[in-house]
Protein chains: 2
Amino acid sequence: MSATAALQIALRPQTVCRGAGAPRRDELGALDRLGTVASLRREQPLFHEADPAEFYFKVVTGAIRSCKLLADGRRHVGEFFMPGDFIGLDAETNYMFTAEAVTDATVVRYSRRRVDALAWQEPGIGRSLLKIACHRLSSAQQQMVLLSRKTAEERIASFILGLADRNGATDRISLPMTRTDIGDHLGLTMETVSRALTQLKKDGVIELTSSHELVILDRDMLADLADAA
Amino acid sequence: MSATAALQIALRPQTVCRGAGAPRRDELGALDRLGTVASLRREQPLFHEADPAEFYFKVVTGAIRSCKLLADGRRHVGEFFMPGDFIGLDAETNYMFTAEAVTDATVVRYSRRRVDALAWQEPGIGRSLLKIACHRLSSAQQQMVLLSRKTAEERIASFILGLADRNGATDRISLPMTRTDIGDHLGLTMETVSRALTQLKKDGVIELTSSHELVILDRDMLADLADAA
DNA sequence: CGCGCGCTTGACTAACTTCAAAGATGGTGG
DNA sequence: CCACCATCTTTGAAGTTAGTCAAGCGCGCG
């Protein structure tokens with residue numbers, strides 16, 4: 001616990017009295033000195049579902065996906081984690097999903113024990129974590145509407161817009177994941193994903209510059225298709 | 001802020017130094033003196049999506065559902081809140097869904113401003129909120145697997161087991177919501193819900209004692225159907 | 001250059017939805 | 001207390017969307 005106390009002291013100047021309105025990225029920047037960097041090859045697992053949750057992670061480069069499997073092998077991809085995204089918050093004591101690298105990736109690894117101890121003593125840290133959790137919860141609720149009620153084309157349109165929002169202002173979107181990954185994320189098959197993308201291309205809404213990159217040609221049309229829920 | 005300080009003092013003996021392993025119900029019991037009780041008639045809204053989020057709520061009696069609508073009226077029911085459940089945590093500044101009474105209900109209403117101020121100063125409160133948020137996130141992830149990959153019968157089986165887990169040890173399950181509510185929660189139509197329930201009855205897995213109550217006859221079979229994801 | 005994996009496309013199928021109608025349920029007023 | 005009516009639920013038949021199965025294409029890597 002003395003180590004924790006030392007960390008608390010070291011971090012206090014940066015974490016106390018922060019406003020509550022800042023974006024979620026980098027609000028935990030003060031934790032960086034607690035983290036160690038790790039590299040992953042494409043398809044390499046970061047952790048498995050049900051493993052004891054020893055670490056939080058933050059993506060630095062590349063992309064990570066979270067997966068859950070049913071007994072017969074049906075797969076669901078819960079989320080694609082991009083640079084800046086925080087992983088592992090939802091774990092109580094064990095991870096709730098498997099995390100695997102979509103592409104070669106680097107992550108920062110934080111001891112949960114230490115971060116949690118810090119959160120216990122520093123309301124600023126705790127509130128940042130809560131804020132991340134609430135934001136993830138909102139996203140999950142949006143995704144449930146998508147999975148529950150949207151058509152294949154609407155799902156793809158929503159997915160592309162979601163990527164666009166995270167990619168910054170550009171209309172050139174990178175799709176590091178496979179069609180199967182996208183399908184497993186949207187509750188569709190690879191084939192249906194492919195057909196929907198082709199249809200959006202035919203309709204002049206997007207351009208497929210390669211199988212892993214597209215350009216948004218008509219964002220308004222895309223938003224209409226996605227249905228501003 | 002002096003009011004907050006007074007509250008903090010009043011609550012401190014009950015909120016500081018709590019262990020982290022307790023169940024989520026009642027860990028916020030210390031907040032009860034901050035809350036006021038409100039009653040709702042069946043179908044009455046508690047708040048609407050996009051309203052400014054002034055309050056947290058906790059269900060005391062009855063059931064509340066959260067709804068989101070697409071532009072053309074398609075509906076998704078995110079969650080059924082039962083007695084003890086906490087509502088509104090995911091709201092950043094505005095509610096992310098509409099909340100309506102499924103049955104006549106009573107809730108306790110807490111000022112978000114006050115609770116948040118308290119959470120800022122009392123790590124114990126903040127951690128309880130974080131814990132609730134993480135638990136909800138886990139549930140949301142489970143629900144996304146269901147919506148993404150499970151068949152109609154699997155969805156119904158999972159739903160019944162979920163209710164059973166919350167209802168305590170009994171195998172007699174109350175279904176206060178309509179078939180349409182269940183369908184909108186599981187990404188199915190009313191008719192499909194009805195057919196799946198009938199099928200489970202024919203298979204001897206459940207008994208339908210009335211249209212709003214059922215009894216689990218074979219919990220193992222139900223768990224197999226739900227697919228231990 | 002060729003090989004392998006992932007993507008696209010086509011034809012067919014299955015699961016769920018839609019449309020329709022009849023059967024329960026429960027709440028209300030006579 | 002009972003009958004009626006609105007609403008919810010069940011069931012049937014036809015339609016639609018997305019899934020499955022299968023074949024061919026193309027990009028990227030060795």
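Residue numbers start from 1 in every chain, and the chains themselves are labelled A, B, ... in the order their sequence lines are given, proteins ahead of strands.
Residue A:Ser210 is out of contact with every strand shown, counting any heavy-atom pair closer than 4.0 Å.
Between the CZ atom of A:Arg136 and the CZ atom of A:Phe86 there is a distance of 10.0 Å, given to the nearest 0.5 Å.
Inspection of the B:Asp116 and B:Tyr110 side chains reveals no N or O donor paired with an N or O acceptor under 3.5 Å.
Using cut-offs of 30° and 60° on the angle between ring planes, the pair B:Phe57 and B:Tyr95 is tilted. Relative orientation of the A:Phe97 and A:Phe47 rings is tilted, given thresholds of 30° and 60° on the angle between their planes.
A:Lys150 places its NZ atom 14 Å from the P atom of D:dA18, with the value rounded to the nearest Å. A:Glu153 has its CD atom 17 Å from the P atom of D:dT16, to the nearest Å. Rounding to whole angstrom units, CD of residue A:Glu154 and C1' of D:dA18 are separated by 14 Å. For the pair A:Arg42 CZ and D:dC29 P, the interatomic distance rounds to 10 Å; values are reported in whole Å. The nearest whole Å value for the distance from the CD atom in B:Gln199 to the P atom in D:dT10 is 13 Å.
Within a heavy-atom distance below 4.0 Å of DNA chain D, the residues of residues 183-195 of chain B found are B:Met190, B:Glu191, B:Ser194, B:Arg195.
At least one side-chain nitrogen or oxygen of B:His212 sits closer than 4.0 Å to the OP1 or OP2 atom of D:dT9.
Within the 3.5 Å criterion, the main-chain N or O of B:Thr106 finds a donor-acceptor partner in the side chain of B:Thr61. In terms of modelled atom types and a separation under 3.5 Å, the side chain of A:Arg179 and the main chain of A:Ser211 share a donor-acceptor contact. Side chain of A:Gln143 to backbone of B:Ala140: no donor-acceptor contact under 3.5 angstrom is found. Under the 3.5 Å distance criterion, the side-chain polar atoms of B:Arg74 are left unmatched by any main-chain donor or acceptor of A:Lys150. A donor-acceptor pair under 3.5 Å is formed between the side chain of A:Arg155 and the backbone N or O of A:Leu147.
For DNA chain C, the contact window with chain A, defined by any atom under 4.0 Å from a protein heavy atom, covers C:dC7 to C:dA11 in 5' to 3' order.
The nearest heavy atom of DNA chain D to B:Lys201 and to A:Arg155 marks one nucleotide each, and the one closer to the 5' end goes with B:Lys201.
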